[in-house]
Amino acid sequence: MTVTIVGSQLGDEGKGGIVDLYGDGADVVVRYQGGDNAGHTVVYGDETYKLSLVPSGAVRGKVGVLGNGCVVNPGTLFDELDALRERGLDPDVRVAERAHVILPYHRVLDGIEESEKEDLAAGTTGRGIGPTYEDKAGRRGIRIGDLLDPDVLRDRLEYVVPQKRALFSEVFGGDPDDVDPAGAFDVEALFERYRDYGERLAEEEMTVDCGAFLADHLDAGADVMMEGAQGTSIDIDHGIYPYVTSSNPTAGGAATGTGLAPAIAGDEVVGIVKAYLSRVGTGPLPTELGHVGGQTPEDGGDTSASAEETATYIRDEGGEYGTVTGRPRRVGWLDMPMLRHAARVNGFTGLAVNHIDVLAGLETVKVGHAYDLDGDERLTLPPTTERWGDCDAVYREFDGWPEVDWSDVAASGYDAVPENARTYLEYVSDQLDAPIYAVGVGPGRDETVVLEDPF
Ligand code: IMP
């Protein structure tokens, strides 16, 4: 069978922990979209592994696959594999021949386009994700399979690189021969480096026809986990365009991004919900608490003293500060219209709600139950981001729950979750018409209350 894990909000819902937990029951873990813009931390024994591309299951001896819907930076992939091998692991990772390759010029262009966009900038991760998907859709991309055939690789580079040079110099006013990294716009340098990557992929027998590979495993009785990165509200089609990533994290992506039929790719679809919102990036956020300069829109956020205080509490308890920059992340109350939209788009068969421990100790926990849009009540997202920015949240209040020993709660089971927190969880489950499969009560893999294992 297959289990698909999908972020139901803005990414960073704590998918990694759930993938890790349920991944125990899987034989193969496949990523179906995105690239090294994702980040997941896997704690295995006493060791912590930080990965951005390699599927987390590969740390635990599962077969990890990067599906055709992914964009792959081979340099990142081999760096991560080498680092895992140095630490004594033997990860088995396969890459779809139909997956697209991120080249150095994609990263350069990602950076320069973001700085030109000003108000429209999405605050990208700078990994070249958008420009690579642009080339895929523009039918000028280079695929993993092309790296295995030097003649095809050279032909593709000779066609596309002059266009990228012209774009960089004539539109953006840069010098393509004076960039970091050097050789980002040089056919010969790119050819040699990417041909070498192709040779290594071939030597290590890493490339697969993803759909056929997965179907063979399923026919042989294997269980497959489909691991979504990012989240529904930053989906290119269903998210808050243009403040989105360039792929489909939603459940439909699990079919197109792997080559399995939709009816096979979605046996179970588990929506990962964070008990509050956090956001790195720009765009509206109707339930936002407080204001983060440079990211919260001018007229956005609740800047009352009590909202700023709650925002700081949630940030401190949840560690909502950038890992590199230390900058505060935007935070807000749970947004039910956003979640109802996610439930419809993805067809959740179950939910995992994370981080309820972070809200412990608050006297009152609020939820944006609906929106007021020009005097009308709305229960889901309007289709344009501008109209979303016009929405005012209509709140419901829940009594808060106390700080408790969450490890004990995890060990004892759902009945040990404080009663008011259960009321909150049951409200979410009722509204989304999907049962609670798991409740995250802390960062560790053991700090999860498991009600249902979908495998
Ligand atoms: P990109 O995916 O690097 O093109 O970035 C596009 C938008 O998606 C930006 O707002 C990023 O902050 C956001 N984003 C990309 N990856 C993640 C993620 O893994 N978690 C949360 N946000 C992400």
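The shown structure was predicted, so the numbers you read here are calculated from the model rather than taken from an experiment. In listed order, ligands and their atoms are each counted from 1.
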Asker: List ligand 1 atoms under 4.0 Å from Val244, heavy atoms only on the residue side.
Answerer: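 Going through ligand 1 atom by atom, the ones under 4.0 Å from Val244 are 6 (C), 7 (C).
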Asker: Do Tyr105 and Phe168 make the cut of ring centroids closer than 6.0 angstrom?
Answerer: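 Ring centroids of Tyr105 and Phe168 are no less than 6.0 Å from each other.
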Asker: Would a distance-only check, ignoring hydrogens and angles, find a side-chain to backbone donor-acceptor pair under 3.5 Å from Ser8 to Ile272?
Answerer: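 Yes: the side chain of Ser8 pairs with the backbone of Ile272.
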Asker: Around atom 5 (O) of ligand 1, find the nearest protein heavy atom and jot down its residue, atom name and distance.
Answerer: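 The closest one turns out to be Thr124 CA, 3.3 Å.
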Asker: Kindly write out the residues that satisfy ring pair (Phe, Tyr, Trp, His ring centres under 6.0 Å) with Trp406, not counting sequence neighbours, or none if the list is empty.
Answerer: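 If we apply the ring pair (Phe, Tyr, Trp, His ring centres under 6.0 Å) test to Trp406, skipping adjacent residues, there are no hits.
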Asker: Looking at Asp372 and Arg378, is any side-chain nitrogen of the basic one under 4.0 Å from a carboxylate oxygen of the acidic one?
Answerer: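 No, no charged N to carboxylate O under 4.0 Å.
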Asker: Any atoms of ligand 1 less than 4.0 Å from a non-hydrogen atom of Arg279? List them with their elements.
Answerer: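 In order of numbering, the contacting atoms are 10 (O).
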Asker: Among all the protein's non-hydrogen atoms, which is closest to atom 17 (C) of ligand 1, and how far away is it?
Answerer: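 Closest protein heavy atom to atom 17 (C) of ligand 1: Gln230 CG, 3.5 Å.
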Asker: Just which atoms of ligand 1 are under 4.0 Å from any heavy atom in Ala38?
Answerer: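 Checking each atom against Ala38, I get 19 (O).
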Asker: Looking only at protein heavy atoms, identify the closest one to atom 10 (O) of ligand 1 and say how far it is in Å.
Answerer: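 The answer is Ala122 O, 2.6 Å.
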Asker: For the side chain of Lys15 and the backbone of Gln230, is there at least one donor-acceptor N/O pair under 3.5 Å apart?
Answerer: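 Pair found, side chain donor or acceptor close to backbone of Gln230.
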Asker: Of the choices Ser246, Pro242, Gly281, Gly123, which has the non-hydrogen atom that lies closest to atom 11 (C) of ligand 1?
Answerer: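 Minimum heavy-atom distance to atom 11 (C) of ligand 1 goes to Gly123.
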Asker: So, 4.0 Å and heavy atoms of Ala229: is ligand 1 close enough to count as a contact?
Answerer: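 Ala229: no contact with ligand 1 (<4.0 Å).
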Asker: Does CG belonging to Asp175 count more than 12 external heavy atoms closer than 6.0 Å?
Answerer: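 Enclosed.
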Asker: Does Glu97 reach the main-chain N or O of Val208 with its side chain, forming a donor-acceptor pair under 3.5 Å?
Answerer: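 No; judged by distance alone, with no hydrogens or angles, the pair does not exist.
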Asker: Is ligand 1 under 4.0 Å from a heavy atom in the side chain of Glu13, in the backbone, in both, or in neither?
Answerer: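 Neither part.
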Asker: Among Ile129, Thr245, Thr132, Ile234, which residue places a heavy atom closest to atom 13 (C) of ligand 1?
Answerer: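 Among Ile129, Thr245, Thr132, Ile234, the closest heavy atom to atom 13 (C) of ligand 1 belongs to Ile234.
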Asker: For ligand 1, find out whether one of its N or O atoms is nearer than 3.5 Å to an N or O atom of Asp110.
Answerer: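 Such a contact does not occur with ligand 1.
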Asker: Starting from atom 21 (C) of ligand 1, find the nearest protein heavy-atom neighbour and note its residue, name and distance.
Answerer: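 It is Asp12 OD2, 3.4 Å.
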Asker: Got a sec, which residues hit ring pair (Phe, Tyr, Trp, His ring centres under 6.0 Å) with Phe78, two or more places apart in sequence or on another chain?
Answerer: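 If we apply the ring pair (Phe, Tyr, Trp, His ring centres under 6.0 Å) test to Phe78, skipping adjacent residues, the hits are Tyr197.
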Asker: Name the closest protein heavy atom to atom 3 (O) of ligand 1, giving the residue it belongs to and the distance to 0.1 Å.
Answerer: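 Here the nearest protein heavy atom works out to Thr125 OG1, 2.6 Å.
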Asker: Short question: side chain of Asn248, backbone of Gly253 - any donor-acceptor pair under 3.5 Å?
Answerer: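 No; judged by distance alone, with no hydrogens or angles, the pair does not exist.
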Asker: Does Lys164 count as lying over the ring of Phe185, i.e. NZ or CZ under 6.0 Å from the six-ring centre, within 45 degrees of the axis?
Answerer: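 Verdict for Phe185: no cation-pi partner in Lys164.
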Asker: Under 4.0 Å from a heavy atom of Val280: give me the atoms of ligand 1 that qualify, with their elements.
Answerer: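 Numbered from 1, ligand 1 contributes 10 (O), 12 (O).
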Asker: Measuring from non-hydrogen atoms of Leu10 to any atom of ligand 1, is the shortest distance under 4.0 Å?
Answerer: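 Within the 4.0 Å threshold, so yes.
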